[in-house]
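Numbers here simply count residues along the sequence, with the first being 1. Just follow the structure's listing: the first ligand is 1, and inside any ligand the first atom is 1.
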Amino acid sequence: MSRTTKISVGSIQVTALRDGELYLPKEALVNLREEDAAIINDSENSELIYGNVNAYLIQSANRNLLIDAGCRELFGPTCGFLQDAIKETGLQLNDITDLFFTHLHPDHIAGAVNTDGKAIFENAALQVLESEHDFWTKNNFDPIEVNGADWSNLASGVLNAYNDKKEIISFTKDLIPGVSLLSIPGHTPGHSGFRVDSDNQALVHLGDIIHAPNLQLNDPNASTIFDIDGGEALNSRKKMLDMVSTDRVMCTSGHTLEPKFGFIEKRGTGFKFTA
Ligand SMILES: [Zn+2]
C-alpha cells in the first residue's frame, strides 16, 4: 500500500508521508469515558487506540520542505518507513532543502538522524521554534519522567546534528512562502501546527492535538500522558477543533489515519472527520 497521499493547495504541493502505524499502549491514555476504557482494557488492538505516524512534504518553487521525520526504529517494526515514503514521491533524501519539527518528540524527530546521530538530510536547513528549542535544551529533566529523560537526549542530539544549518525562529516566521505556523501549546511548550495558504485555498495541520483519532474526535476530553501540560493541551485541542469545524478548512495532523486530508465536523459532544 502506498505510503503517500498528495494534494495541491493552490500552487503548493502537499504530500502526507506515512512513517507507520501503531496501537497506543492503554497505559498512555487518561481521562477516558467508562465505556471507552472498558473496550480498550479488553483489547490491545482496539480501533479506538489506533494511530498513524505521519510526516509531510511541502513543495513550492524550488523548495522541498519536510515537516516531521517519523520515529525510525524506536517504536517497533510497524513504523520507521519515512525514507521509503520520500522515495515514493520521486525525491532523494538529499533533495530535502528545509526541515521543521512540529515538536521534538521521538516520533517526529528520530528519523532525521541515523543511529550514530548523524543528519539524514544533508542538504536541509533546520528551522526550530525558540520555545521548543529552549524547553528541550535548557531543562534538567527528572529521570523518571517519560517526556523528559528518555527523550531529551534525542532532542538535543537531533538539534546538534543540524547545528551548522539551524535557525531558531518565532511563530511569526513563515517556514517557506505560503506556509505559516500555528501555536498549539500544551502537548509541548513550543508545539505547533502549520497552515498552507495559496490561491485562496488552505490546509491546516493540527499538530499532535490528537493521537488516537477514533477515540479523541468522538470524546475530545480523552487524553494521553504524552502531553506535558495536560490542561493546556486539552484547551488547545478543543480550541483547534472548534476553529477548523467552524471555518470548514481542510485539515490533517501528525497522527491522522486514512484518508489523510479532510474536514472536521461537529457531531454531538464530539467531532467527525470526513474526506
Ligand atoms: Zn506525535
Tell me, do Leu234 and Arg237 make a side-chain contact under 4.5 Å, heavy atoms counted? yes

Do you know which N/O/S atom name in His255 is closest to the Zn ion (ligand 1)? NE2

Just by modelled atom types, is the Ala112 backbone N or O under 3.5 Å from a matching donor or acceptor in the Tyr162 side chain? yes

Output the atom name for the N/O/S atom of Asp208 with the smallest distance to the Zn ion (ligand 1). OD2

Run the ring-ring contact (aromatic ring centres under 6.0 Å, His included) check on His205 and Tyr56 step by step: do they pass? CA-CA 10 Å; His205 179 288; Tyr56 290 82; 5.0 Å; yes

At the Zn ion (ligand 1), what is the angle formed between atom OD2 of Asp107 and atom NE2 of His108, rounded to the nearest 10°? 90°

Is the shortest side-chain N to carboxylate O distance from Asp19 to Arg3 below 4.0 Å? no

